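Notes for the one structure printed next.
All figures in this text were calculated on a predicted structure; none of them were measured in a lab. Below, read A as the first sequence line, B as the second, and so on, with proteins coming before strands; counting in each chain starts at 1.
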Amino acid sequence: MPELPEVETVKRELAKKVTGCTIAHTKIYLVKTIQKPDPESFVKCIQNSRINSVKRRGKYLLFYLSNHLCLAAHLKMTGHFSVCGQGSALHKHTRVVFSLDNGCDLRFVDTRTFGVMYLLCQKEMDQFKPLACLGPEPLSDAFTAQYLFETGHQRTLPIKAFLLNQSFACGLGNIYVDESLFRAGILPDRRTNTLSKDEWAALTLTIKEVLQEGIQHRGTSIQSYTSTDGRPGGYQDRLLVYGKDQRPCVRCGTPIQKQKTAGRGTHFCPTCQR
DNA sequence: AGTCAAACCTGGGCGC
DNA sequence: TGCGCCCAGGTTTGAC
C-alpha cells in the first residue's frame, strides 16, 4: 500500500531511469485506469513527448512532459511501475505500457485496478481538484506543530481520521499514521480538540521521523509493494505497531491491540498511548 | 462537521 | 484439493 515513502522511493528510481526518455507509443490494457482524457486522446497527446522530470505530490507521481503536459498517476493500493526491456514478458496485471525510445518499457501493473492516471495541462494543475486540495507536504517546512494545532484544535474528529485526510496532511496512510501515533504516545481515537500543544509538537516530530526513516529504507513492503525494479522496501522490519496485533509492545510488553478507527484497521498500545 | 457505508477490485487466509 | 466466505485498503460519494 504505497504511502509517501513508497511513492517517494518510486519517484527517485523513475527519475533516474526515465528522465530524458521520449514516449514512442502507449498501449492501454485497462481503459478505466485512464481517467482523463479519453483513451484515444491520451495516447495521441502523449506520443513523442519527452519526460522532463518526475516529481511527487502527496501520493501522486507526476511526470512532467515536454509539451506542457503532466501525467499524474496514483498507485492506490496495489499499483506499481516497472522499467524493463521491451521484450520481457508482460505481467498478468499490466494495465498501461509506455514504450520509450531507449528500448525500455515503463509499465504500470496494478492487481486490484484501483490505480488511476490523468493527463493534465501543466497550467491547469492548480485547478485540478485531487491535487489542489492536498494539504502541506509533511516533510516540508510548512508542516509545523503550529499548523497542525491551528488546523486541528477546533475540530472533534479522531486524530487518526484527521491524519488520514489528505487535505490536512498529504501522503500519510494507514501504516505511517499508526506508527507516528504510537511513537507520539497518542491513542488513535483521541479527538483532535483534546490534544495539547505538546502532543501536537510530539506528533509533528514523529510524523517527520517515521516518514524519513521509511524513505531511508525504501518504503514498507507489505502484500504487494515493490519499487520499480521489484526490490522490496525494508521498513516493514522496523514497524513497531502496524500488523503487530497481540504481539508484545516493544516498550512495555502489553499486547498490541487492533481496532477499527476511521474505517481502518488500527494498531496501538493501550499502555503507551494515551 | 462528522460518521458511516458503499463502491471500486483481487488475492490471500481461513474454516469446512 | 477445493469451495465459499471474509478481509485488506485509498479515495470518493452520498445518506444521515
Side-chain angles (χ1 to χ4, degrees), chain A residues 1-11 28-36 56-62 72-81 90-96 108-118 120 128-135 137-138 150-181 188-195 211 214 219-226 232-233 235-236 239 241-246 256-268:
Chain A
M1 314 141 223
E3 303 177 28
L4 190 154
E6 292 76 38
V7 181
E8 179 65 23
T9 301
V10 171
K11 183 211 84 178
I28 299 168
Y29 291 87
L30 182 68
V31 167
K32 76 159 189 154
T33 303
I34 310 301
Q35 296 276 304
K36 180 183 145 77
R56 179 190 61 74
R57 177 79 176 100
K59 299 174 194 169
Y60 283 88
L61 276 171
L62 304 173
H74 197 301
L75 307 175
K76 296 291 174 88
M77 267 105 66
T78 55
H80 67 269
F81 280 101
L90 275 194
H91 186 282
K92 182 182 173 188
H93 300 299
T94 304
R95 308 308 182 193
V96 184
F108 182 66
V109 178
D110 183 20
T111 305
R112 291 187 202 174
T113 76
F114 289 179
V116 288
M117 294 184 191
Y118 308 86
L120 309 167
F128 180 63
K129 212 179 152 200
L131 288 173
C133 68
L134 292 176
E137 288 287 332
E150 282 170 8
T151 314
H153 86 284
Q154 285 178 316
R155 299 177 193 269
T156 57
L157 70 167
I159 183 64
K160 168 127 184 181
F162 177 82
L163 295 176
L164 285 174
N165 187 323
Q166 302 294 297
S167 66
F168 300 138
C170 71
L172 289 170
N174 208 29
I175 297 173
Y176 293 96
V177 166
D178 281 5
E179 293 297 312
S180 303
L181 286 170
D189 47 12
R190 277 276 299 283
R191 303 282 155 168
T192 50
N193 61 342
T194 70
L195 267 65
L211 292 176
T220 303
S221 289
I222 286 182
Q223 292 174 7
S224 56
Y225 166 77
T226 57
Y235 198 63
Q236 64 281 358
L239 297 173
V241 283
Y242 185 86
K244 307 292 185 196
D245 191 18
Q246 295 307 318
I256 297 299
Q257 299 205 353
K258 184 175 180 184
Q259 67 183 18
K260 212 159 192 112
T261 299
R264 295 280 173 271
T266 298
H267 312 75
F268 64 99

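Taking side-chain N and O atoms only, A:Tyr176 has no distance below 4.0 Å to OP1 or OP2 of C:dG10. The phosphate of C:dA8 has neither OP1 nor OP2 within less than 4.0 Å of any side-chain N or O from A:Arg264. Side-chain N/O atoms of A:Lys92 include one lying less than 4.0 angstrom from OP1 or OP2 on B:dG11. Note on A:His93: every side-chain N or O is 4.0 Å or more away from OP1 and OP2 of B:dT10.
Looking only at side-chain heavy atoms (C-beta outward), A:Lys36 and A:Leu120 come within less than 4.5 Å of each other.
Counting any heavy atom pair closer than 4.0 Å across all strands shown, A:Gly263 reaches no nucleic acid atom. No contact: A:Lys129 has no heavy atom under 4.0 Å from any strand. Among the atoms of the strands shown, only primed sugar atoms or phosphate atoms (P, OP1, OP2) are found under 4.0 Å from some heavy atom of A:Lys258.
Taking the 5.5 Å centre cut-off and the 30° plane limit, the aromatic side chain of A:Phe114 is not classed as stacked on C:dT11.
If you check distances only, the side chain of A:Arg112 never reaches the base of B:dG11 with a donor-acceptor pair under 3.5 Å.
Distance CG (A:Leu164) to C1' (B:dG2): 15 Å, rounded to an integer number of Å. Summarising the geometry, the separation between NE2 on A:His267 and P on C:dG9 is reported as 7 Å, rounded to the nearest angstrom. One can place CD of A:Glu3 at 16 Å from P of C:dA8, the figure rounded to the nearest angstrom.
Of the possible donor and acceptor atoms, none in the side chain of A:Glu3 sits under 3.5 Å from a partner among the backbone N and O of A:Lys59. The main-chain N or O of A:Phe162 is never found under 3.5 Å from a side-chain atom of A:Arg155 such that the two would form a donor-acceptor pair. The main-chain N or O of A:Asp110 is found under 3.5 Å from a side-chain atom of A:Arg95 such that the two form a donor-acceptor pair.
Each end of the helix from B:dG2-C:dC16 to B:dC16-C:dG2 gets its own rotation axis from five pairs of C1' atoms, and the angle between them is 50° to the nearest 10 degrees.
Ring pair A:Tyr118/A:Phe128 is perpendicular by interplanar angle, where above 60° counts as perpendicular and below 30° as parallel.
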